[in-house]
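Heads up, the thing below is written out as structure tokens.
Note that these values count all heavy atoms, side chains included, but never hydrogens, waters or copies made by symmetry. Every number for a ligand or one of its atoms is a count from 1 in the order of the listing.
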Amino acid sequence: MMSYRMYDYLVPNVNFFGPNAISVVGERCKLLGGKKVLLVTDKGLRSIPDGAVDQTLKYLREAGIEVAIYDGVEPNPKDTNVLDGLAIFRKEQCDTIVTVGGGSPHDCGKGIGIAATHEGDLYSYAGIETLTNPLPPIIAVNTTAGTASEVTRHCVLTNTKTKVKFVIVSWRNLPSVSINDPLLMVGKPAPLTAATGMDALTHAVEAYISKDANPVTDASAIQAIRLIARNLRQAVALGTNLKARENMACASLLAGMAFNNANLGYVHAMAHQLGGLYDMPHGVANAVLLPHVARYNLIANPEKFADIAEFMGENVQGLSVMDAAERAISAIARLSADIGIPQHLRDLGVKEEDFPYMADMALKDGNAFSNPRKGNAKEIVEIFRQAF
Ligand SMILES: [Fe+2]
């Protein structure tokens with residue numbers, strides 16, 4: 001522990017985990033007083049027969065709850081998605097929001113909850129604890145092991161006019177109930193499993209080395225890193241490997257609980273620019289940047305990087321702290337390469353001339369402030385260049 005200071009620790013009130021956890025969604029909605037739900041999801045998930053959406057609908061209807069559906073959520077969810085969902089929420093006079101999917105439907109659902117209860121533009125609430133009114137109850141049914149938005153106070157949306165991601169961070173965004181059912185993750189394709197898994201690893205690593213880390217977040221982050229190192233390759237290799245899926249779901253949940261409280265760092269601050277400007281999948285953006293930002297951050301906390309090497313299964317016996325810390329970077333890079341993540345921004349349509357703008361915006365991103373090393377725009381451009 002770096003210093004003695006007060007810290008807070010937030011998680012949703014009720015969290016369900018394990019095979020068939022989805023079966024509680026109807027009864028839990030009823031307990032929250034829900035009579036008419038807006039189910040927020042995307043078209044891909046809705047089209048899967050007997051998938052997460054169909055099952056959620058079944059359990060809600062069995063509990064006597066009416067449901068309206070908004071299925072227009074896009075990846076890197078847009079302010080326009082929120083407004084479209086809000087129109088249905090109001091027209092159908094819904095009282096509860098159930099989000100089904102990975103991070104995008106959860107963030108969009110939080111956005112709808114904010115827009116339904118707060119006046120004015122969503123962008124005006126970007127920042128920390130700007131929300132003044134309670135949101136409608138949110139039940140988040142999670143279907144990917146990655147973003148962990150089902151347990152976080154973060155709502156990340158893209159401003160379609162400026163193409164910049166903005167983050168609304170508030171305890172009011174926390175879903176009332178989170179549901180993590182690994183059986184819903186079995187059918188996910190390998191590239192999505194790889195990208196979301198690297199997002200979870202980035203959460204755990206950034207939370208562990210964060211300036212805002214505390215003993216509780218450290219415990220969650222450590223176990224998340226261990227589980228990811230031991231299970232992500234296997235989940236990518238064989239999606240039906242239930243043990244790997246369950247361990248990755250648990251790792252994602254733990255990493256989410258860690259960063260929800262310890263915050264993140266420059267990987268996310270920079271990845272948000274790639275997501276906003278190029279619509280790059282969030283997990284891929286994180287995965288490409290993580291080893292390079294880790295190298296930059298190494299001198300801020302070599303002991304913790306040496307720990308990470310050990311958690312990832314590296315043999316660090318007899319090594320100096322700095323040598324052990326280096327092993328963390330190579331272990332992260334090897335994991336990323338093993339699961340087929342692209343290794344260079346140049347292969348992902350990124351333009352070098354955008355680096356100075358993205359660096360400026362990254363330093364203004366809310367995640368930059370908990371990074372353990374304080375950087376400037378020139379240094380951030382250099383990290384982008386190394387990842388290029
Ligand atoms: Fe993330």
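- Ring geometry, Y208 versus F311: the interplanar angle exceeds 60°, so the pair is classed perpendicular (tilted spans 30 to 60°).
- Neither V14 nor I138 shares a network with the other; the hydrophobic side chains, linked directly or stepwise wherever heavy atoms of I, L, V, M, F, W or Y lie under 4.5 Å apart, form separate groups for each.
- The atom name of the N/O/S atom in H282 closest to the Fe ion (ligand 1) is NE2.
- Around the Fe ion (ligand 1), the two atoms NE2 of H268 and NE2 of H203 are separated by an angle of 90°, to 10 degrees.
- Between the side chains of S178 and N15, a donor-acceptor pair is found at a separation under 3.5 Å.
- Evaluation of the side chain to side chain contact (heavy atoms under 4.5 Å, CB included) rule for S104 yields V73, P77 as partners, not counting sequence neighbours.
- Sorting the N, O or S atoms of D199 by how far they are from the Fe ion (ligand 1) puts OD1 first.
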